[in-house]
Structures are given as C-alpha cells and as structure tokens.
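Read the structure below first, then the notes.
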Amino acid sequence: MPLRSALVRALAISAVVLAGLSEASTTATGAQQAAGRPSNVEMTTFPQEWAYRPGAQAPFAPGGMVASNCVLATKAGVEILQAGGNAVDAAVAVGFALAVAYPEAGNLGGGGYAVARMADGRTFALDYREVAPRASTPDMYIGANGKPTDQSLVGHRASGVPGSVAGLLALHAKSGTLTRARVMAPAIRLARDGVVVDETLKMSITQNADLIRRFAGAGLFLPGGAPPAVGARLEQSDLARTLERIADSGADGFYKGPVADAIAAQMRRGGGLITAADLAAYTPEWRDPLAGTYRGYRLLSMPPSSSGGVTVIETLNILEGDRDVPPWNSALALHRLSSAFQRAFVDRNSSMGDPAFMTMPIARMINKTYARSLRAGISDAHATPTASLKPVKAGSSETTHYCVVDRAGNAVAITTTINSLYGSGVWIPGGGFFMNSEMDDFTVQPGTPNQFGLVQGTSNAVAPGKRMLSAMAPTIVLDSAGKVWMIVGGRGGPRIITAVVQAVVNAIDYHMSLADAVGAPRIHDQAMPDVLEYEKGGVPADVVRVLEAKGWATKPGGTGSLTAIKRAERAGAGGARQRGWEGLFDPRKHGLAEGY
Ligand code: DON
C-alpha cells in the first residue's frame, strides 16, 4: 500500500484501533502468506502523545545518498561521491570525517562493522571490532570485594586494541576507486582547518565534560575548563598529523611508529594493557554477511563477532511465523514482537561470542524451523517469564551508524563505536583521539549486567586477542528482485537490534515510508531484565494495560537511534516519476542525510 493510502486508511481506522487496542481489532486477511509481504494490514496513526507526527518526508536524491549522525561527515561522503568515488570510497571518507567532527562516537580509537552489497552482486562484511589486549584476563574487572569495578568502562584498562583505521583502510583497498589521499582529504581538512562548533557538538561536550576532564583531551575539548563556544573553531593538529600519517603510510601510520608509540606510552602511564605488540598484531577479519529472509525480502547483516545480525534474523524469523499481522502498535502486535525479542535475546545472551574462540549454533539460531518451534511456544494470551525459556542448544543442527549508496547501486552499511560517548575518556596526546571502552561489552562477571543491562554468559568472557560480543547490526535489505531496498543500522547497544527489527517490520509489514518506519515509537525487550520497555508517549495507556494483563512487566524506556536509506520514487519535473533514494537520521538524534 503506498504511504498516502496507508495513512489515509490509518487515520480512518485509528479511532477503532485506539478504542480496541487488543487482538479484537485484528482484521488482517487470512489469505496472507507467512513468507509473502502482507497486503492488507491495519496501520494506525502514531499516538497523540508521541513526539513525532507521521507523514514526514525524508530527503530524496536521484543519484546517491549518505546518511550519518554528523552534518560534516555526511558532506564529506557526498563530496567523495560527487568526485566520482563509489559508495565504499564515500563510506571510508565518512568514517574518517566522523573521527574528526563527531568525537562522541566517530573514532580512530574504536572499531566497527561494515556490510556491503556491490551493484555487481558481490557482498562482503568486515569485522574491525577491537580485541582484548594480550595481557587481559577473565577476572581483570573484578575488585577485591568480588564485585565488578568501573575499569571496563572508564580509564586506560577499558580499551580494546582499536580496529577502525585497519578496517576503513581494508575496505578502501578492497573496493574503493579513488586514492587513499583523496578519500581522507575531507577529514584531514576538517582536522587542520578546524570544525566550527555548533549547538550539537557543544551540548555533547558539555554533557560528557566530567569524563573528558579526567584525561588529556580536556586541553582541547574543555579549553579553560569549559566547552568551546558555539561558533568557535576546533582545530585538531595532533589528529591532522595522525590522519596525514595514515594517508601516507596506510595502517602502519597508526599501528606502528609514532602513533602506536603514543598509544603504548599513554597506556603505560595510566596502567592500561595495550602494548606496541598488540597494535602491530591487529588485523580486521573479512566475513560473509549473514543472510536471512523476511516475507520475500533478503537481509544481509553482520555475523559474529557481532550478535546483531543473528538476533535480528532470529527475531524476524519468529515474527514471519505469524499467519496474521496484527494492527500496528496494538497490544497483540507488541506482545508478539516482545515475545520474539525475548527468545532471540535468550539465545544471544547465553550462546554467543567471538567465533575465533568458540563454535556457535548460528545455523540453528537463524533456521526457520527452529524459529517455528520458538513461535509455537508463544501464546497470544500471556507473556512467558524469561526464566522459563531455554537457550538454543549448541551442537544442534556510543556508537554511530551510517549508510551510503551510490548512483550505481553499491550500498554500504557501517556501524562504528568507542562504546560509551567519548569512550573510556582516555585521549592520546600526540595522536589526538579518544580510546574506546569496549572491554565492557565482554561478560565482566557472569550474571552481572553490563552498562546496557545485558546479562551474558561465559561464551563472552574476556580472553587475550578475543573480540567482545557486539550488538551492532548494519543491515542491507534486498527486494525479491535482489535489488538494494533499504540500508539500516543504529546506535544504542542491544537497542540497536530491536530498533533495526522494528524499522524493517514497519517498512515491510506496515508499508510505512522511511520517515515513519524510523520515527514510529518503538519497544525494547532483551530477555533480561524481563521487562517490555516502551518509549514514553509511544504506546497508549490502554495498550499498556492489555500487555500487563497478559503478564508483561512494562516500563517506559529508551530505544536505539537509527540512520537509514531506502529506495524511493518521487514526482520529478513535469510530473514524471523519478527513481532514487530517501535518506534519514533518526528524529531522536542529530545528523544529516544528503544526496546528489
Ligand atoms: O558493540 C556494542 O554492542 C556496543 N559497544 C554498542 C555501543 C552503543 O551502541 C553506544 N551507543 N549509544
């Protein structure tokens, strides 16, 4: 159903749905096929209390499109596309520009994941997640009192060996078309000439000033003890030199020589573990994208060491088992969604880790028959306590996301992170960047929640050289003809997974436009804690009451924030339809989507 008719229908039926708010209002046709896209589902308008109105228009462009959380980084990507670069060139340019202009999450001191689908049909994924330093031990974050310390999150011991530089360069070397110097030029220019501080950057530094103040980045980001004023020019000469070294010498410009020495020296000074040998040994891993299907669409997402792709696909497989699609945002729709998340997260939290260190039952986790068995355990009448759910059996058969697509249809989805905003807070003098706090994504202590409340098992325990389990889920959706249809990913730890699923379900099942699919209120369930969280104002009070009557513990909570691109058509000059792309950053956050 096209957006307009979906919304007109939505408005017409909203009174019914808002009044009914339960399975009683389900009118999906019995003819719907589990594997096909539902054609006659009830949409409802967003609740009155919700922060955003439906019907917003995402920026459209007929050529290529870049969507990121940072205006200057998006512009760097568009500059490279317009200079004749492909989506990989542009993605690499955006990655380096984020490291300069978006210090809360963009990085050289972190890691990430890329999923790409080239116009000739080739697909690849790159895992450039950080690894634990060689001197790491499983109990390194347990204090003398037997309780976890904050060292996995703050300070020198919180960092894994960074992967971002090696990752971006490997992507460029594999499929870029412009020179390394050209794709890095926008970032180097931003670092040398300075970034003009806007409200967003000032606010970000202000909100994280307590962390920044504790380490060497304070001189740059809190000059005279306070954040720079809006309009001030933030020049980063150390970072510019580091980027120039990388442009000149490739990965050796970061992992060996003066920058590596600066990292190792800073680690020694602060009691961190990363050594020059750790840095010299870092390598990103090429992986095959994890493939799944949902109602005739094909998904390509990130395999382990991220749990993102597996958990997204497992959840969608469970949902695909629904013969009917309940009205959007109804109690039944949210009940089934949360039940699916809960089961996929039980498996995720118990059974996943770095594939170099363990065998995982991935094939089973993304298998449709397994999903059907999980679906069979979901009753429409009542919630299932997480404690009664059994994890999958082995042996049976601050982060930022950005998306780029170019004129040829090459598509890249990248999520990169230093974990918390401004990472561990540790800044490398001479290098000019923040270090990550990714070690907190390991299971620091089985049974104890991490900063995202995730309770994980020993499969994700700390070990030297091991990648910590991630929830990042850069995802590309192809239509039934095999063409790129949607590119999506986000930030927010485990909330990335639930946000990506809901954007995909909104777009496929409920035929929402990109703006509505992303702007719609979301729920979150990660199995433990055993709670269905909903965004404030996003779920009407009587729907919450129906959910509670089914046995759900509910509470208002947060969600991830997404960036996304979707194939679209718009009326062009003379009324002719023009094909192109819509791009979007989540209205919950900042950013820019721009095309050409
Ligand atoms: O890899 C992960 O799952 C986390 N380190 C992601 C952190 C994140 O999304 C923070 N964003 N606000």
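Ligands are counted one by one from 1 in listed order, and the atoms in each one are counted from 1 as well. As the structure is a prediction and not an experimental result, all values here were calculated from the model.
- Ring to ring, Trp286 and Phe124 are close: their centroids are under 6.0 angstrom apart.
- Qualifying salt bridge (Lys or Arg N to Asp or Glu O under 4.0 Å) partners for Arg522, counting only residues two or more places apart in sequence or in other chains: Asp586.
- Applying the ring-ring contact (aromatic ring centres under 6.0 Å, His included) test to residues at least two apart or on different chains, none of the pairs has a partner in residues 517-539.
- A distance of 6.0 Å or more separates the ring centres of Phe585 and Tyr402.
- Among residues two or more places apart in sequence or in another chain, the side chain to side chain donor-acceptor pair (under 3.5 Å) test is passed with Thr311 by none.
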Could you go through ligand 1 and list every pair where one of its N or O atoms sits under 3.5 Å from a protein N or O, giving the atom names and the distance to one decimal?
from, atom 1, to, atom 2, distance (Å)
ligand 1, 1 (O), Arg129, NH1, 3.0
ligand 1, 1 (O), Arg129, NH2, 3.2
ligand 1, 1 (O), Asp441, OD2, 3.1
ligand 1, 1 (O), Ser470, OG, 2.7
ligand 1, 3 (O), Ser470, OG, 3.4
ligand 1, 3 (O), Ala471, N, 2.7
ligand 1, 5 (N), Asn419, OD1, 2.8
ligand 1, 5 (N), Glu438, OE2, 2.7
ligand 1, 5 (N), Asp441, OD2, 2.6
ligand 1, 9 (O), Thr399, OG1, 2.5
ligand 1, 9 (O), Gly492, N, 2.7
ligand 1, 9 (O), Gly493, N, 2.8
ligand 1, 11 (N), Glu398, OE1, 3.0
ligand 1, 11 (N), Thr399, N, 3.4
ligand 1, 11 (N), Thr399, OG1, 3.3
ligand 1, 11 (N), Gly492, N, 3.3
ligand 1, 12 (N), Glu398, OE1, 2.1
ligand 1, 12 (N), Glu398, OE2, 2.9

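- Ring geometry for Phe433 against Phe254 counts as tilted: the plane angle lies between 30° and 60°, on a 0 to 90° scale.
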